[in-house]
Amino acid sequence: MKSVGRIIAAHRKEKKMSQIQLAAELKNYGFTLGNTAVSSWEKDVSVPSATQFFALCKILGITDIYNEFIGCCRETDPLAGLNEEGRERALEYISLLESSDKYRKEETTVIPFIREIKLFDLPASAGRGEFLDGEDYTMIEVGAEVPASAEFGIRIKGNSMEPRFVDGQIVFVQPTRQVENGEIGIFFLNGNAYCKKMMSTREGNFLVSLNKEYTPIPIKKQDSFLVFGRVVG
């Protein structure tokens with residue numbers, strides 16, 4: 001199997017995109033990531049999730065996934081033996097066939113995508129903070145309105161994240177142990193769980209409320225601190 005990171009980097013450079021631009025494109029697919037995540041993929045330090053991988057292929061125009069990443073199974077892509085110009089001509093012809101009533105595939109009814117995720121009953125406080133009990137949750141059904149990267153929800157308590165998030169609102173979270181500067185996440189700090197914005201300055205790292213009435217909470221070296229995930233919806 002070929003290096004996933006090298007292939008991503010090669011296609012990104014071919015499209016003359018920076019790592020920052022690629023991360024920005026991923027936001028259109030519900031993934032709030034920084035360029036450091038893209039850099040980690042390209043260095044093979046980490047790998048994208050399955051949904052992130054397919055989004056990357058879509059953005060970078062990678063259609064022959066088997067041959068590109070595995071180096072086999074040529075028969076899976078009838079265009080594999082063509083050069084770039086040949087592939088463009090073939091795709092143009094396919095487009096013409098699709099525009100013809102004679103060859104167009106009959107449309108089928110799209111079934112709404114429904115899945116179940118965890119909703120934690122003990123809220124991550126948007127005010128003073130409450131400990132996030134990992135066992136106290138219920139399962140809820142969500143649809144396409146919730147980003148695919150979200151794996152659980154938390155009901156906000158308090159008003160410190162207004163006006164974006166209000167008391168009682170459910171936020172959806174992508175599990176991760178690292179968030180970028182300026183991103184909103186769910187954090188554990190000295191026994192309390194918070195929904196806050198991560199801010200890094202010359203003075204240090206802080207958990208910041210959107211409501212200006214609340215003072216930023218400093219994160220000190222001796223503190224017990226963890227990142228549960230980033231808020232994606």
Side-chain angles (χ1 to χ4, degrees), residues 19-20 22-24 26-41 45-46 48-49 52 117-140 142 145-233:
Q19 293 179 342
I20 293 176
L22 180 54
L26 284 167
K27 288 185 179 180
N28 297 326
Y29 293 84
F31 302 109
T32 305
L33 301 167
N35 61 300
T36 54
V38 177
S39 177
S40 294
W41 295 338
V45 174
S46 62
S49 67
Q52 290 169 344
I117 65 173
K118 296 177 181 178
L119 172 63
F120 287 95
D121 297 323
L122 182 62
S125 174
R128 292 172 298 176
E130 292 186 28
F131 181 69
L132 181 62
D133 185 348
E135 300 299 325
D136 191 9
Y137 63 84
T138 56
M139 299 300 295
I140 61 171
V142 297
E145 74 282 358
V146 176
S149 59
E151 293 188 16
F152 64 89
I154 295 179
R155 195 180 301 277
I156 293 297
K157 182 177 180 181
N159 66 349
S160 73
M161 293 302 284
E162 291 181 353
R164 182 168 178 181
F165 302 119
V166 299
D167 184 34
Q169 181 176 347
I170 296 174
V171 298
F172 295 99
V173 184
Q174 175 189 13
T176 182
R177 290 302 182 187
Q178 181 178 352
V179 296
E180 300 294 326
N181 185 29
E183 287 186 329
I184 295 175
I186 303 299
F187 306 97
F188 169 83
L189 180 63
N190 297 332
N192 292 324
Y194 297 90
C195 176
K196 300 290 182 186
K197 178 188 287 188
M198 170 64 77
M199 291 298 295
S200 297
T201 68
R202 292 181 180 179
E203 288 73 30
N205 298 320
F206 298 85
L207 297 182
V208 178
S209 302
L210 299 184
N211 186 336
K212 301 303 181 182
E213 294 181 2
Y214 288 79
T215 303
I217 303 171
I219 305 170
K220 303 174 183 178
K221 290 183 179 181
Q222 66 270 25
D223 287 338
S224 177
F225 177 73
L226 288 174
V227 179
F228 285 125
R230 66 170 55 87
V231 174
V232 293

Backbone N or O of [Y] within a donor-acceptor pair of the [X] side chain at under 3.5 Å?
X    : Y    : value
D167 : G158 : yes
R155 : G168 : yes
N205 : I219 : no

Would you compute the distance between atom [atom1] of [X] and atom [atom2] of [Y] and round it to the nearest 0.5 angstrom?
X    : Y    : atom1 : atom2 : value
I186 : Y194 : CD1   : OH    : 12.5 Å
E180 : S200 : CD    : OG    : 9.5 Å
L22  : K27  : CG    : NZ    : 12.0 Å
L119 : F172 : CG    : CZ    : 7.5 Å
K118 : T138 : NZ    : OG1   : 11.0 Å
Q19  : W41  : CD    : CH2   : 10.5 Å

So, do [X] and [Y] sit near enough that their side-chain heavy atoms are less than 4.5 Å apart?
X    : Y    : result
V171 : M161 : no
Q174 : R230 : yes
M139 : I117 : no
F228 : P175 : no

_Audit row: V227, Q178, side-chain contact (heavy atoms from CB on, under 4.5 Å) steps and yes/no_ = CA-CA 6 Å; V227 179; Q178 181 178 352; 6.0 Å; no
*asked:* Parallel, tilted or perpendicular: which one describes the rings of F225 and F187, with boundaries at 30° and 60°?
replied: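 Ring orientation, 0 to 90° scale: parallel.
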*Assess the side chains of E203 and T201: does a donor N or O sit below 3.5 Å from an acceptor N or O?*
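A pair is found: one side chain offers a donor N or O, the other an acceptor, under 3.5 Å apart.
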*Taking atom types as modelled, is there a side-chain donor on N190 or D223 under 3.5 Å from an acceptor on the other?*
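Yes, a side-chain donor-acceptor pair sits under 3.5 Å.
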Minimum heavy-atom distance between [X] and [Y], given as atom pair plus value:
X    : Y    : result
P218 : L189 : O-CD2, 4.2 Å
M198 : N181 : O-OD1, 3.4 Å
C195 : I184 : SG-CG2, 4.0 Å

*asked:* Is there a side-chain contact (heavy atoms from CB on, under 4.5 Å) between K197 and L207? Walk through the geometry before answering.
replied: CA-CA 6 Å; K197 178 188 287 188; L207 297 182; over 6 Å; no
*Determine whether more than 12 heavy atoms belonging to other residues, nucleotides or ligands lie under 6.0 Å from atom CG of L226.*
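Count over threshold, so yes.
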*E213 atom CD, neighbour heavy-atom count above 12 within 6.0 Å*: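 For E213, atom CD is not crowded (no more than 12 foreign heavy atoms under 6.0 Å).
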_Test applied, side chain to side chain contact (heavy atoms under 4.5 Å, CB included); reference residue, F165; option that passes from I170, V231, N159_ =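 By the side chain to side chain contact (heavy atoms under 4.5 Å, CB included) criterion, F165 pairs with just one of I170, V231, N159: V231.
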